Each structure stands twice: as structure tokens, then as C-alpha cells.
Amino acid sequence: MSDHRSRFLQLALNADALRFGQFTLKSGRSSPYFFNAGRFDTGLALAQLGNCYADAIEASGVAYDQLFGPAYKGIPLATAIACEFSHRGRDLPLTFNRKEAKDHGEGGSLIGADMAGRRILIVDDVITAGTAIREALAIIREANGIPAGIVVALDRQEIASEEDRRSAAQAVAAETGIPVIAVANLADLLAFASGNPELVGYREPLLAYRARYGSNPTG
């Protein structure tokens, strides 16, 4: 497992953003783990998270000019990444959206740099059903931007339904032709738990969950 993946998972565990036990997901599935990026709620945690994202982005080799953070969780995530890249000598333009358009002041639903003609990297925490990502793609195209990639913190690598054995990330990538980058995924989580004496007891429930809901490796 690459360094940024293990650092991210340890950071998530320390921040209580990654929890193990029994959790009922929005889908109704019973999961042995739960991820909530909202728990990266301090300046230091966000800075360290931005560092992990930036390493994953650089390792992917994706070509892009600008970041877009969909409201709401994408906003602090994209901001943290932009700050991290500034320390690495790259000053990235940043844009995010409002959930509701503003009808006074500067107006509109977008805040930040103009996206027209620029290759845009979308930043979010996870891809669940893909709805939020599709909305982000529409916003970028409406602003004459060019979607270049999607980066998320965690890819759960689980099927959307029994009829479609692809994960949400695989479905979005196939549908749009845009690469989806994850800082870490379920396979990394399994390796992380297996190598941690305090978490090794969750390995079997994780394996059972993957056997039942895991997506096809090649989508």
C-alpha cells in the first residue's frame, strides 16, 4: 500500500472519520465500517488530509488546471488541496458552488475562479450514487469548463445494485469517460485493518461485506 493511502487511513481513524462496528447505511445495508469526512474538523486535520489528496492526485498523473469543490463537503476539501499545492509551488485556481443561487451582490451560484476553457478536477469525499458528481459535471459544462477528473477520499468499491455489479465510481467513470481517483479504497482498508492489531478483529467482517457487496474488479 502506498504511503499516502496508509497515512490517510490512519488520519481518518485518529479523527474518528473512520469507525468500525455495525452501521446501517443510507442504502439499508449493514456495514462493518463507516466513513464521515465531516469529522476532519480542525485546521491540522484538514491540512494533513489535503496532503494525502495532493499525493494521490500527483500519483495519478491526471492533467488539470483548476479545482472544483461541490457544496458542501467539497468546498473545504478543495480548499485544503489548493493550499497544499501552494506549498508545493503550484497556485491552483479554485471554484465552488452555492446550493441556492444568490440574487444580490455578485449573484449567481458559483464562487471563485472562472472555469471557462480550463480542465477541471472535481473534489469530493465519496461517490455514493453518483448523483452529486453528475450535478457537478453539469455545472462545470454550463460554465464552459472541461471536466478532467474526479478525486474522492474513499472508494467503497461496492455494487450499486444486484443488477449492476459495478461500483458507483466505476459507473461514473464508464458513463463519463473521466478518471476517478481515490485516496484509498476498500482493498486498502482491508490491508490496513489486517496490519493493525487493534483492528484485525474487523478483517473477517470486512471480507464478508466485500464478498456480498464488492464490485467487480474491472467494472
Side-chain angles (χ1 to χ4, degrees), residues 1-20 33-97 111-113 115 118-128 132-133 136 140 147-157 168-169 172-173 178-196 198-199:
M1 191 192 321
S2 56
D3 178 60
H4 68 262
R5 296 176 185 271
S6 57
R7 279 189 292 111
F8 162 71
L9 291 170
Q10 187 62 56
L11 175 65
L13 192 65
N14 294 345
D16 207 29
L18 176 62
R19 298 166 60 196
F20 294 89
Y33 75 100
F34 184 71
F35 176 70
N36 177 14
R39 297 308 299 265
F40 294 107
D41 54 10
T42 70
L44 179 59
L46 277 170
Q48 293 173 332
L49 180 59
N51 181 276
C52 294
Y53 264 95
D55 282 352
I57 292 166
E58 288 187 335
S60 76
V62 64
Y64 66 101
D65 308 306
Q66 185 167 328
L67 301 174
F68 176 72
Y72 290 103
K73 286 182 181 175
I75 297 173
L77 296 175
T79 303
I81 295 167
C83 290
E84 172 62 27
F85 272 111
S86 75
H87 297 313
R88 301 184 184 199
R90 186 175 184 187
D91 192 18
L92 283 168
L94 169 67
T95 309
F96 57 91
N97 66 305
I111 301 171
M115 292 192 284
R118 290 176 173 168
R119 297 169 297 178
I120 309 298
L121 181 63
I122 301 168
V123 180
D124 216 338
D125 57 342
V126 294
I127 298 178
T128 306
I133 293 298
I140 291 166
I150 302 157
V151 60
V152 296
L154 184 67
D155 179 0
R156 292 182 62 94
Q157 294 183 309
V172 168
I178 297 168
V180 177
I181 304 152
V183 180
N185 57 35
L186 179 57
D188 299 318
L189 184 57
L190 266 164
F192 179 75
S194 299
N196 187 322
E198 295 180 5
L199 301 177

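Computed from a prediction, not measured in an experiment: that's the story for all the values here.
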CG (Leu121) and CG (Leu92) are apart, to the nearest 0.5 Å, by 9.0 Å
NE2 of His4 to CG of Leu11, rounded to nearest 0.5 Å, is 13.0 Å
Rounded to the nearest 0.5 angstrom, the CD-CZ distance for Glu84 and Arg90 is 13.0 Å
*asked:* For the backbone of Ala153 and the side chain of Tyr53, can you confirm whether one donor and one acceptor N or O come within less than 3.5 Å of each other?
replied: yes
Tell me whether Asp65 contacts the main-chain N or O of Arg119 through its side chain, where contact means a donor paired with an acceptor under 3.5 Å. yes
Side chain to side chain, Leu77 and Asp125, heavy atoms closer than 4.5 Å:
yes
Separation between CD1 (Ile75) and CG (Asp124), nearest 0.5 Å, reads 10.0 Å
Closest heavy-atom pair, Ser60 versus Ile181, reported as atoms and distance to 0.1 Å, is OG-CD1, 3.3 Å
Rounded to the nearest 0.5 angstrom, the OG-CD1 distance for Ser86 and Ile81 is 12.5 Å
- Quick one: are Ile133 and Ile150 in side-chain contact, heavy atoms under 4.5 Å? yes
Taken to the nearest 0.5 Å, the spacing of Leu189 CG from Leu18 CG works out to 5.5 Å
Nearest heavy-atom approach of Leu94 to Ala78 is CD1-CB, 3.5 Å
Yes or no on side chain to side chain contact (heavy atoms under 4.5 Å, CB included) for Ile120 and Leu67, after CA distance, side-chain angles and deciding distance? CA-CA 6 Å; Ile120 309 298; Leu67 301 174; over 6 Å; no
Using side-chain heavy atoms (C-beta onward) and a distance below 4.5 Å, is Phe192 in contact with Leu199? yes
Subject >> Close side-chain approach of Asp155 and Ile127, heavy atoms under 4.5 Å >> reply: no
Exercise for the section: Please confirm whether the backbone N or O of Ala71 pairs with a side-chain atom of Asn97, one donor and one acceptor, at under 3.5 Å? Expected result: yes
Taken in chain and number order and not counting sequence neighbours, the residues that satisfy salt bridge (Lys or Arg N to Asp or Glu O under 4.0 Å) with Arg7 are Asp3, Asp55
Across all chains, not counting sequence neighbours, the side-chain contact (heavy atoms from CB on, under 4.5 Å) partners of Asp16 are Arg19, Arg39
Hey, are the side chains of Phe8 and Asp188 touching, using non-hydrogen atoms and a 4.5 Å cut-off? no
Between Gly69 and Phe96 the two heavy atoms that sit nearest each other are O-CB, 3.0 Å
Practice item. Determine whether Phe20 and Leu13 make a side-chain contact, defined as any pair of heavy atoms from C-beta on separated by less than 4.5 Å. Key: yes
Note: Gln157 and Ala187 closest approach over all heavy atoms is OE1-N, 3.1 Å
Does the Lys NZ or Arg CZ of Arg118 fall within the cation-pi geometry relative to Tyr64 - under 6.0 Å from the ring centre and within 45° of the axis? no
TODO: For side chain to side chain contact (heavy atoms under 4.5 Å, CB included), just list the numbers for Lys73 and Asn36, CA-CA rounded to whole Å, side-chain angles, deciding distance to a tenth of an Å, and then say yes or no.
DONE: CA-CA 10 Å; Lys73 286 182 181 175; Asn36 177 14; 3.2 Å; yes
Residues Ala113 and Pro93: closest non-hydrogen pair is CB-CB, 3.7 Å
For Thr95, the side chain to side chain donor-acceptor pair (under 3.5 Å) test, sequence neighbours excluded, returns Gln66
**Asked** Should Ile122 and Val151 count as side-chain neighbours, where that means a heavy-atom distance under 4.5 Å?
**Response** no
- Task: For Val152 and Val183, run side chain to side chain contact (heavy atoms under 4.5 Å, CB included): C-alpha distance rounded to whole Å, both residues' side-chain angles, the deciding distance at 0.1 Å, then the answer.
- Result: CA-CA 6 Å; Val152 296; Val183 180; over 6 Å; no
Hey, does Met115 have a side-chain heavy atom less than 4.5 Å from the side chain of Phe68?
yes
Heavy-atom closest pair (Ile178 atom, Pro147 atom, distance to 0.1 Å) is CD1-CB, 3.4 Å
Review point. Which is it for Phe85 and Asp91 under the side chain to side chain contact (heavy atoms under 4.5 Å, CB included) test, yes or no, and what are the steps along the way?
Key: CA-CA 7 Å; Phe85 272 111; Asp91 192 18; over 6 Å; no
